[in-house]
Protein chains: 2
Amino acid sequence: MPRAGLDTAAIVTAAAELADEIGFSELTMARLAERLGVRAPSLYKHIAGQDDLHRRIAALAFDEAAVAIGAAIQGRSGRDALAAAADALRTLVLTRPGCYAATLGLTPTGPDDPILLASMRGIGPFEAVLRGYDIPPQDMTHALRAVRSVFHGFASLQASGGFQLSTDIGESFDYLIDLIDRGLRAIAGTAPADPHR
Amino acid sequence: MPRAGLDTAAIVTAAAELADEIGFSELTMARLAERLGVRAPSLYKHIAGQDDLHRRIAALAFDEAAVAIGAAIQGRSGRDALAAAADALRTLVLTRPGCYAATLGLTPTGPDDPILLASMRGIGPFEAVLRGYDIPPQDMTHALRAVRSVFHGFASLQASGGFQLSTDIGESFDYLIDLIDRGLRAIAGTAPADPHR
DNA sequence: GCTTTTGGCTAACGCAATTAGCCACCGGGT
DNA sequence: ACCCGGTGGCTAATTGCGTTAGCCAAAAGC
């Protein structure tokens with residue numbers, strides 16, 4: 001029996017693609033092994049187990065997101081940058097639903113979890129976007145969390161088919177961007193260093 | 001062997017509590033049966049299977065959310081109502097993490113899925129909150145989706161421990177409410193009937 | 001060319017969900 | 001009071017998944 005020549009990266013890449021095709025919850029060791037032309041136990045020579053695999057897929061997803069969003073905001077700022085970043089993220093969620101699902105429901109194992117570092121990298125571009133608004137430094141974390149919540153929420157609701165009404169989702173997305181853009185301007189302009197928070 | 005006197009509602013209630021205690025992903029038929037003083041196959045006399053159980057827990061969660069948020073916004077409007085609704089939702093997510101997790105990642109089986117109806121009921125109170133802002137009717141759906149995205153996003157990130165930085169989460173939450181409140185006012189005031197959308 | 005490491009394999013275990021099929025309990029009718 | 005049918009438990013068995021143990025050949029290094 002000739003060797004398949006697998007390595008960790010190849011397995012993770014294949015797993016991510018498979019998850020996108022059949023859905024993250026349908027991703028199974030046996031199916032992944034079959035896709036790779038190998039038996040299930042062989043996978044354990046390269047990954048520690050299912051949990052490890054999931055985390056690696058998630059890390060891959062975060063990195064892809066960072067790259068895509070980073071590229072999208074090149075040369076833009078303010079509302080343009082916000083819209084471009086959001087759109088890049090949304091496209092990614094729709095294109096790679098399995099990878100996106102892998103990033104949900106993760107509990108970091110510790111402060112040095114690679115997942116954590118990857119998610120930090122994924123946030124980076126949003127920080128750049130926010131720099132285009134006049135956010136006081138002590139509010140930056142809050143603003144970052146807010147923006148992250150907003151886009152994560154929209155993307156995950158869309159991904160799970162949470163929007164039932166027939167109204168166009170793209171329009172709702174534009175509306176949401178408008179809402180956040182205006183909110184950021186208003187909050188930056190009128191409450192630069194609100195002491196009661 | 002005397003009968004345990006179970007019924008569907010009792011099982012779902014117990015499952016929801018158990019999910020809150022040990023985590024939704026740890027909820028298993030065997031564990032649930034043990035909690036109820038019964039063997040696992042007996043559960044199938046009352047529920048169709050695991051998927052059915054999950055959907056019923058989710059429906060329960062949506063209904064609880066609708067009640068809690070509805071109660072929270074009684075007699076309030078505008079920013080107050082927004083904050084109260086958001087806080088009620090957030091409290092619920094923290095109090096009943098298992099139930100909340102059950103509502104994620106559901107794909108409605110069809111247009112008459114009970115889950116769908118329950119989630120509609122869960123949205124109701126937010127519609128009431130939005131009535132306190134001057135949202136033009138044709139934008140109501142968009143605004144509703146936006147608000148839902150925002151709070152769902154924040155809650156789910158918090159529930160999954162997605163906020164690593166040590167900054168206080170409650171403060172971030174206040175900031176988010178401020179952001180949305182100002183955004184809604186701005187968008188309602190300046191673009192009452194934007195034709196290009 | 002021999003040895004060592006490495007990356008496949010088969011076999012086997014434990015656990016979860018589910019189904020089949022049995023049998024005792026409980027309520028209603030005679 | 002009795003019987004009798006449906007209901008709600010049970011045990012046993014099946015399937016499929018993740019994972020571990022232990023074997024053996026292929027590649028890699030001396």
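Chain letters run A, B, ... following the sequence lines, proteins first, then strands; residues in each count from 1. Computed from a predicted model, the values in this text were never measured in an experiment. Scope of the values below: all heavy atoms of this structure, side chains included, with no hydrogens, waters or symmetry mates.
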Could you list the donor-acceptor pairs under 3.5 angstrom formed by side chains in residues 68-82 of chain B, with sequence neighbours left out?
unit_1, atom_1, unit_2, atom_2, d
B:R76, NE, B:A72, O, 3.1
B:R79, NH1, B:D178, OD1, 2.1

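- Within the 3.5 Å criterion, the main-chain N or O of B:A58 finds no donor-acceptor partner in the side chain of B:T103.
- Without hydrogens or angle criteria, B:R31 side chain to B:E26 main chain gives a donor-acceptor distance under 3.5 Å.
- Partners of B:D181 by salt bridge (charged side-chain N to carboxylate O under 4.0 Å, His left out), not counting sequence neighbours, listed by chain and number: B:R185.
- In this view, A:E17 satisfies the side-chain hydrogen bond (donor to acceptor under 3.5 Å, both in side chains) rule with no residue, not counting sequence neighbours.
- Per the geometry, CG belonging to A:L43 stands 11 Å off C1' belonging to C:dG8, to the nearest Å.
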Below 3.5 Å between N/O atoms, which protein atoms pair up with nucleotides 4-7 of chain D? Just atom names and distances, please.
unit_1, atom_1, unit_2, atom_2, d
D:dT7, O2, B:R3, NH1, 3.2
D:dT7, O2, B:R3, NH2, 2.5

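- Within residues 46-58 of chain B, the residues having any heavy atom under 4.0 Å from DNA chain C are, by residue number, B:G49, B:Q50.
- A heavy-atom distance below 4.0 Å to DNA chain D is reached by none of the residues of residues 18-26 of chain A.
- Here the closest heavy-atom approach between residue A:Y44 and residue A:G49 is recorded as CE2-CA, 3.9 Å.
- One interatomic measurement links the two molecules: CG of A:L32 to P of D:dT19, which rounds to 12 Å at whole-angstrom precision.
- Contacts of A:E127 classified as salt bridge (charged side-chain N to carboxylate O under 4.0 Å, His left out), with partners at least two apart in sequence or in another chain: none.
- Not one side-chain nitrogen or oxygen of A:T28 sits closer than 4.0 Å to the OP1 or OP2 atom of D:dG16.
- A:R35 pairs by the salt bridge (charged side-chain N to carboxylate O under 4.0 Å, His left out) definition with A:E21, not counting sequence neighbours.
- When the salt bridge (charged side-chain N to carboxylate O under 4.0 Å, His left out) test is applied to A:R121, the partners found at least two apart in sequence or on another chain are A:D63.
- Toward the 5′ end of DNA chain D lies the nearest nucleotide of B:S42, the other residue of the pair B:S42 and A:M29 mapping further downstream.
- Ring geometry for B:F151 versus B:F126: interplanar angle under 30°, hence parallel rather than tilted (30 to 60°).
- Residue B:R39 has a polar side-chain atom (N or O) positioned under 4.0 Å from OP1 or OP2 of D:dT11.
- C:dA16 atom P lies 7 Å from atom CZ of B:R31, rounded to whole Å.
- Taking each heavy atom of A:S42 and A:V38 in turn, the nearest pair found is CB-CG1, 3.7 Å.
- By the side-chain hydrogen bond (donor to acceptor under 3.5 Å, both in side chains) test, A:D20 pairs with A:R96, sequence neighbours left out.
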Distances under 3.5 Å only, N/O to N/O: pair up the protein atoms with those of nucleotides 20-23 of chain C.
none

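- A:S172 meets the side-chain hydrogen bond (donor to acceptor under 3.5 Å, both in side chains) test with B:H142, B:R145; sequence neighbours excluded.
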